[in-house]
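All remarks here apply to the structure that follows.
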Amino acid sequence: MSNPLKRVHGYLAEFSSVKEVFHAAEKVRHAGFSSWDVHTPFPIHGMDDAMGLPRSILPRFVFVGGALGLTTAFLLEFLTQVVIYPTVVQAKPANIFTIPAFFPVMFELTILFSAFTALFTCLVMMKLPRLHHPLFNSQRFGRFSDDKFFICIEARDPKFSTEKTKSFLSGLGADSVELVEDEL
Amino acid sequence: MSHHVAVNHLPPEGEKLQITKFLTWRIVLLLVGIAGAAASGFIFLEGGEQANSYAFSYLFALEVFFTITTGAVFWVLLHNASNSSWGVAIRRIPEVMTQLYLPLFVLALPIFAPYPLGSLKKPEWTQRMYEWIGIHAQIASNPPSGAENLRDGLALSHGTSLLYKKYPYLHNGFDLHGGLLPGWDLRVIIFFGLLFFIGRRMLNLSLEQDRTGAVGPTFRARFHACWMLPVFAVCSTFASIDWIMSLNYTWFSTMFGVNVFAGGALASMAVIILVVGTLVKTGHFRHIVSAEHFHLMGKLMHSFVIFWAYIAFSQFFLIWYANIPEETQFYAIRNTGGWWHFSLALVFAHFAIPFVFLLKRDAKRNLNAVMAASLFVVVVHMMELYWMIIPERGRSLYNFSSAPDNATFMRDVLFDGLAFLTFLGIYGFFLIRGLAKHSIYPCGDPRLEESVNVVS
């Protein structure tokens with residue numbers, strides 16, 4: 001029982017070379033679109049600049065995660081080994097100067113917390129995992145992981161227009177421009 | 001990315017150093033160097049207690065510049081062996097730095113050459129500094145009865161069984177007499193010679209490419225760099241064992257060579273950044289070096305801050321935990337008295353501060369920020385070598401105290417400064433002279449265009 005209503009997701013333009021999609025991305029940026037993306041089989045150097053993407057805020061989260069890991073490890077060890085149950089090993093002091101023994105764990109937890117923060121913040125920022133994406137309704141789009149390059153301008157972009165965006169994308173040298181619809 | 005520089009827009013003969021902008025520097029450095037060398041020569045010729053003390057200052061200054069030069073060899077070799085293209089634009093700077101082994105070798109002679117000349121005996125300050133050489137000399141001149149050679153003498157004398165055991169490595173001489181390996185003073189020549197040969201070969205290949213623009217030298221440099229890297233590793237490791245670790249022949253650490261190398265490569269990258277930065281600020285490298293290059297070099301410097309911390313801490317950690325007296329003695333004299341603050345400062349200055357500062361992307365891309373960080377890194381590398389070498393002076397000369405009295409302490413600190421300025425003047429003069437000889441970037445390298453337009 002499929003819903004007969006559909007919502008326009010956006011226009012999907014197909015390109016067949018890196019050069020075309022790169023320059024097309026620059027022109028889309030100059031046209032002032034904000035909700036759009038480029039889909040390519042491999043990373044293209046300089047594409048971030050061509051698209052005018054700002055720097056990711058992910059490093060800030062990773063820094064906080066790492067600092068948290070460092071603090072956690074220190075407190076975990078200091079509280080258990082010095083404050084609650086002072087453990088004397090090989091005549092080593094049971095005070096702050098036994099900190100070299102804590103460094104390996106502090107190092108490990110810094111790495112662990114940084115890595116987890118990086119991975120999970122990344123997933124949250126990409127809104128993953130998700131079960132479906134409207135772009136997969138397009139038959140052509142499957143080749144984004146093979147040999148084709150795509151630019152999708154989404155309908156939620158304030159500059160989106162049913163006719164103008166289509167002709168704009170065709171003007172960029174796209175092999176084809178397709179209206180992608182989302183089933184409600 | 002928006003300003004792609006095509007290589008045919010660059011002058012084919014490369015870019016020369018605008019020497020007029022560095023004339024004052026060159027003269028000042030040369031004068032400082034000559035004055036320092038004269039003062040050093042005076043102190044050494046005078047001999048006595050002052051020369052014994054000054055030898056430590058001299059070794060410290062020598063090691064600062066030797067490790068930086070050795071680090072430059074490493075960066076050239078790594079660049080070629082890893083087939084990288086990003087650093088072509090800045091590769092000439094470390095290539096020129098590797099040529100500075102020659103002045104360093106001449107400057108090193110007061111410590112390593114026999115004195116008085118022709119006697120084949122090490123000078124008194126070397127015998128006091130490297131105590132095992134002193135003991136060898138003593139036993140050689142006054143052998144115990146029944147000893148046919150020096151090694152027998154070490155076996156028969158009281159308290160020298162360790163030197164008997166270590167004789168295959170720790171011995172002097174230009175033949176193998178009794179040892180399995182070339183003697184300490186022959187190794188001085190081997191290390192300087194091989195490292196200089198490696199640097200020379202790499203520079204010559206690069207200069208050949210400057211003239212012809214052929215692709216061949218790139219492949220040959222890659223081929224040679226691969227076998228040169230292990231040779232380099234052996235030379236740099238055993239050089240630090242011979243010249244720093246054997247200051248106390250009873251102490252040993254298998255990580256010591258890597259520790260010195262890590263600091264040297266780090267400081268060397270910092271010096272490369274400082275030189276490239278200075279050249280950029282004085283109007284060189286237009287369209288050649290961009291913020292991307294500083295970003296990449298800054299990342300390497302950052303990674304070596306971490307690598308140094310990893311090595312230095314591992315060495316300390318294992319010795320601290322195992323708590324064996326013959327190993328802990330190294331840290332025992334550095335963790336007590338005034339040196340304790342020095343050790344603690346090293347932890348923060350050599351690791352924590354540059355690590356946090358260089359984390360930020362802007363700190364690596366902003367020319368002033370990355371140059372300030374580089375200067376800081378060079379200073380802390382000096383601090384580390386000071387911390388490695390100078391405490392041995394108190395152990396060898398002053399019966400384990402830092403100095404017998406305040407006047408001696410002040411004199412020794414002045415000596416350290418004097419030796420450093422001597423080396424700085426001469427090294428700086430020859431560096432400017434070397435940079436002025438050739439194009440300041442490898443203008444014939446086919447990958448120059450790729451390097452100029454690199455995106456970090």
Side-chain angles (χ1 to χ4, degrees), chain A residues 18-19 21-23 25-27 29-30 38 43-67 69-71 73-74 77 81 87-108 110-111 114 117-118, chain B residues 1-5 85-86 290-292 295-296 299 302 305-325 327-328 331-332 334-336 340-341 343-344 346-348 351-352 355-365 449-456:
Chain A
V18 173
K19 201 173 172 181
V21 78
F22 191 88
H23 293 302
E26 286 179 330
K27 283 177 190 139
R29 168 172 59 108
H30 285 310
V38 181
I44 297 172
H45 283 289
M47 183 54 94
D48 288 9
D49 287 339
M51 290 175 68
L53 291 180
R55 253 178 76 69
S56 167
I57 54 165
L58 186 59
R60 292 155 201 273
F61 288 106
V62 177
F63 181 78
V64 173
L70 188 78
T71 323
F74 175 73
E77 292 181 282
Q81 302 292 304
T87 314
V88 178
V89 180
Q90 279 216 341
K92 296 286 186 293
N95 56 30
I96 187 67
F97 289 108
T98 190
I99 196 168
F102 300 165
F103 279 174
V105 177
M106 285 160 76
F107 169 74
E108 299 293 351
T110 309
I111 303 291
S114 309
T117 318
Chain B
M1 200 63 208
S2 46
H3 306 287
H4 186 89
V5 180
S85 58
W86 70 268
S290 60
E292 305 289 344
H295 191 184
L296 286 159
K299 282 197 266 192
H302 193 206
V305 166
I306 301 166
F307 179 58
W308 175 89
Y310 172 67
I311 296 297
F313 175 71
S314 297
Q315 179 178 278
F316 169 77
F317 188 53
L318 294 178
I319 290 176
W320 178 78
Y321 236 134
N323 209 3
I324 303 170
E327 288 178 358
T328 48
Y331 289 103
R334 285 162 183 80
N335 277 358
T336 45
W340 158 242
H341 305 285
S343 301
L344 204 61
L346 213 51
V347 174
F348 289 97
F351 173 64
F355 173 76
V356 174
F357 183 77
L358 285 170
L359 267 180
K360 248 181 99 65
R361 186 175 185 259
D362 295 341
K364 287 170 279 200
R365 294 180 75 88
E449 184 168 341
E450 203 180 332
S451 172
V452 167
N453 296 295
V454 73
V455 177
S456 165

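Every chain is numbered from 1, with letters handed out A, B, ... down the list of sequences. Quick caveat, the model's predicted, so the values are computed rather than measured.
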* Asked: Should the heavy atoms of other residues, nucleotides or ligands under 6.0 Å from CZ of A:F61 be counted, would the total exceed 12?
  ->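 12 or below, so no.
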* Can you establish whether the number of heavy atoms outside A:F63 located under 6.0 Å from its atom CZ is more than 12? => no
* Contact origin within A:A101 toward chain B - heavy atom pairs under 4.5 Å -> both
* Under 4.5 Å from a heavy atom of chain B, the part of A:F107 involved ->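 No part of A:F107 comes within 4.5 Å of chain B.
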* Check: A:F103 ring centre within less than 6.0 Å of B:F317 ring centre ->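 A:F103 vs B:F317: aromatic centres not under 6.0 Å.
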* Asked: Do A:Q90 and B:N323 pass the side chain to side chain contact (heavy atoms under 4.5 Å, CB included) test, and can you show the C-alpha distance, the side-chain angles, and the key distance before you say yes or no?
  -> CA-CA 8 Å; A:Q90 279 216 341; B:N323 209 3; 4.2 Å; yes
* Please name the pair of heavy atoms, one in A:F97 and one in B:W340, separated by the smallest distance, quoted to 0.1 Å. => CE2-CZ2, 3.7 Å
* Asked: For B:A309, is it the side chain, the backbone, both or neither that has a heavy atom under 4.5 Å from a heavy atom of chain A?
  ->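 Interface part for B:A309: neither.
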